[in-house]
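Within every chain, numbering begins at 1; the chains are lettered A, B, ... in the order of the sequence lines, protein sequences first and strands thereafter.
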Amino acid sequence: MTALKLQNSLTRKKEDFKPIDPAHVRLYACGPTVYNFAHIGNARMAVVFDLLADLLRSLYPKVTYVSNITDIDDKIIAAARETGRPCDEITCKYADIYNRDMAALGVKTPDVQPRATTHIPQMIALIETLIAKGHAYEGQGHVLFNVPSFPAYGGLSGRSRDDQIAGARVEVAPYKRDPADFVLWKPSTPEQPGWDSPWGRGRPGWHIECSAMAQEHLGLPFDIHGGGADLKFPHHENEIAQSCCAQGQLKDLSAFAKFWVHNGFVTVNTQKMAKSEGNTRLVHDLLQQYDGETLRLALLSAQYSQPLDWTENLLQQTQKTLERLYQSLRELADITPEKNSDQHDNPILEALCDDLNTPKAIAALGHLARKAAQTRAPFDKAALLAGANLLGVLQQDADAWLGYGQPANDVDAAKIENLLQQRQDARKAKNFARADEIRQELTEMGIAIEDTPSGAVWKKL
RNA sequence: GGCGCGGUGGCAGAGUGGCCAUGCAGAGGACUGCAAAUCCUCGUACCCGGGUUCGAUUCCCGGCCGUGCCUCCA
């Protein structure tokens, strides 16, 4: 069996993946805060870890993939104030949209998709443990994690406590013992969402939810923790601090998660995508114009840890690539796929096992498509389909995807068939001028004709 | 300032100490009444300067350029 290698942010090395328990692999990835439509950066994270979860499933008997939804956060509160809608209405709405958009990209719902607001007791318990062990303290209704109490702090990002405060942009609040300390719990005003706690009515800080939910649904330590590269610091660093300290593990940063995997950022025309730049690309909008598979393949066109530049050109190239793949599938429509007995070494599986090398995998898919087209062998078709499944593409009907037999807007199929018949007659009579005239007529209707040995077929342009 | 990443053909994007990435675009050919689709073939690609080596795009050193994080962010 091919061995999986992953770039581990914690050790900064590409390592062989060895599960803690080969009978049950456990994966966690930080999901979105739901206060707006998902953008293509959110989608990259979702697609990458969906792919990783799938890969693990093909390698191990049981995999649990947990990815959270953050539904309590100051940005959500701000959105509620702006729109005049309650927080839970906003979070339900956008969580729903998120899941629908991701489904369109072929992303399966994670095995567990926990929400922060349904894990408040677990967070409170975790905070109490941290206080009891001397890693956290209360001040003016806040509870803070005391960074100097964890000497190993900063090991993931390679940043020391001093580095963190050197920027001097961390909030220096009067209730902090150390400038680097971060909030575990904060008080809520009566109109803000809040929960009763030993420290009064309040709400959790950002980092504690992931520590609590990962522990609740996976147990500690677990195998792989993922998320966007920007989360490495401070979010993931703080998660490690909380979870390690709560377990009394002051030295071993891998006592929370063994492997840390970070996906790179998406830029738009080489510019950072940010609300402030006004260049966010929403999945919801892109789906109006492109098929979900096109977006998925475009997101996988660069290896996950590399930056990915999102451009119109990328989408068009990707769409063409997909068209060609579907075309080869169409040529093989009459072949019944059949697995070959010695088909263990799937080149796409092999590429993905090399730190999720999706460009290599896509290249391999191209090879398989060509090979299958040449040999028309049942096992070559099976290999192509197996590879495509692994990548989550070519999941649709080829004819439909390519537009064969699909009438264009306000053109009915009967009319097309009629013209096609007339053209056939003209061709039979060697009246090619008339045949070309009909072709032109159909082109203007948005219909293309292709002559095949078994007669003419048409498709939507 | 601290930590990190990257510079590969027209574009996207892998990879390797000596031979092929792949896709898109482009050129030629087969096929076709024409076309489309498909198949075949093709392009003297690896930022600059040193070093190691029989041989470096690939390893080492230096430089130039670009970029991410350090503040909410996928």
Student: Among Phe150(A), Trp206(A), Phe145(A), which residue meets the ring-ring contact (aromatic ring centres under 6.0 Å, His included) test with Phe182(A)?
Tutor: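 Only one of Phe150(A), Trp206(A), Phe145(A) forms a ring-ring contact (aromatic ring centres under 6.0 Å, His included) with Phe182(A), namely Phe145(A).
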Student: Does OP1 or OP2 of C39(B) have a side-chain N or O of Arg324(A) closer than 4.0 Å?
Tutor: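 Yes.
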Student: Are Asp451(A) and Arg427(A) ion-paired here, with the side-chain N under 4.0 Å from a carboxylate O?
Tutor: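 A salt bridge links Asp451(A) with Arg427(A).
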Student: Does the pair Asp380(A)/Lys371(A) count as a salt bridge with the N-to-O cut at 4.0 Å?
Tutor: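 Lys371(A) and Asp380(A): salt-bridged.
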Student: Are the charged groups of Asp285(A) and Arg281(A) less than 4.0 angstrom apart, N to O?
Tutor: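 The answer is no: the pair does not qualify as a salt bridge.
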Student: Using a cut-off of less than 4.0 Å, is there contact between a side-chain N or O of Arg12(A) and OP1 or OP2 of C3(B)?
Tutor: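 No, outside the criterion.
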Student: Is there a Watson-Crick or G-U wobble partner for G62(B) with both distances under 3.5 Å, and which nucleotide is it?
Tutor: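 Pair assignment: G62(B) / C48(B).
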Student: So, do Phe265(A) and A74(B) meet the stacking rule of ring centres under 5.5 Å and planes under 30°?
Tutor: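 Per 5.5 Å and 30° rule: yes, stacked.
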Student: Which part of the nucleic acid does Thr318(A) contact within heavy-atom distance under 4.0 Å: base, sugar-phosphate only, or nothing?
Tutor: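 Here Thr318(A) touches no strand at all.
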Student: Does either side chain, that of Ser243(A) or that of Ser211(A), offer a donor lying less than 3.5 Å from an acceptor on the other one?
Tutor: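 Short answer, yes.
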Student: So, OP1 or OP2 of G23(B): does either fall under 4.0 Å of a side-chain N or O from Lys320(A)?
Tutor: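 So the side chain of Lys320(A) is outside the cut-off, no N or O lying under 4.0 Å from OP1 or OP2 of G23(B).
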Student: So for Lys272(A) and C73(B), does any side-chain atom that can act as donor or acceptor lie under 3.5 Å from a complementary atom in the base?
Tutor: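 Under the 3.5 Å cut-off, the side chain and the base do form a donor-acceptor pair.
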Student: Test Asn238(A) against Tyr153(A) for side-chain hydrogen bond (donor to acceptor under 3.5 Å, both in side chains), laying out the working first.
Tutor: CA-CA 8 Å; Asn238(A) 292 352; Tyr153(A) 187 84; 2.5 Å; yes
Student: With a 4.0 Å cut-off on heavy atoms, is Ala448(A) in touch with a base, just the backbone sugar-phosphate, or nothing at all?
Tutor: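 Nothing: the residue Ala448(A), judged by heavy atoms under 4.0 Å, touches no strand.
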Student: Need one value for Val48(A): base, sugar-phosphate or nothing, where a base atom within 4.0 Å counts as base even if backbone is also close, heavy atoms only.
Tutor: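 Counting heavy atoms under 4.0 Å across all strands, no contact is made by Val48(A).
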Student: Polar pairs (N or O, both sides) under 3.5 Å between protein and nucleotides 34-37 of chain B?
Tutor:
{"unit_1": "C34(B)", "atom_1": "N3", "unit_2": "Arg439(A)", "atom_2": "NH2", "d": "3.0"}
{"unit_1": "C34(B)", "atom_1": "N4", "unit_2": "Asp451(A)", "atom_2": "OD2", "d": "2.4"}
{"unit_1": "A35(B)", "atom_1": "N1", "unit_2": "Asp451(A)", "atom_2": "N", "d": "2.9"}
{"unit_1": "A35(B)", "atom_1": "N3", "unit_2": "Arg439(A)", "atom_2": "NH2", "d": "3.0"}
{"unit_1": "A36(B)", "atom_1": "O2'", "unit_2": "Glu450(A)", "atom_2": "OE2", "d": "3.2"}
{"unit_1": "A37(B)", "atom_1": "O2'", "unit_2": "Gln327(A)", "atom_2": "OE1", "d": "3.4"}
{"unit_1": "A37(B)", "atom_1": "O2'", "unit_2": "Glu331(A)", "atom_2": "OE2", "d": "3.2"}

Student: Determine which nucleotide pairs with C3(B), using a 3.5 Å limit on both distances of a Watson-Crick or G-U wobble pair.
Tutor: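 Check on C3(B): paired to G68(B), both distances under 3.5 Å.
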Student: Charged N to carboxylate O below 4.0 Å: is that the case for Lys186(A) and Asp74(A)?
Tutor: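 Yes, this pair counts.
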Student: Among residues 99-111 of chain A, which ones have heavy-atom contacts with RNA chain B below 4.0 Å?
Tutor: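 Residues of residues 99-111 of chain A that come under 4.0 Å of RNA chain B do not exist, since none gets that close.
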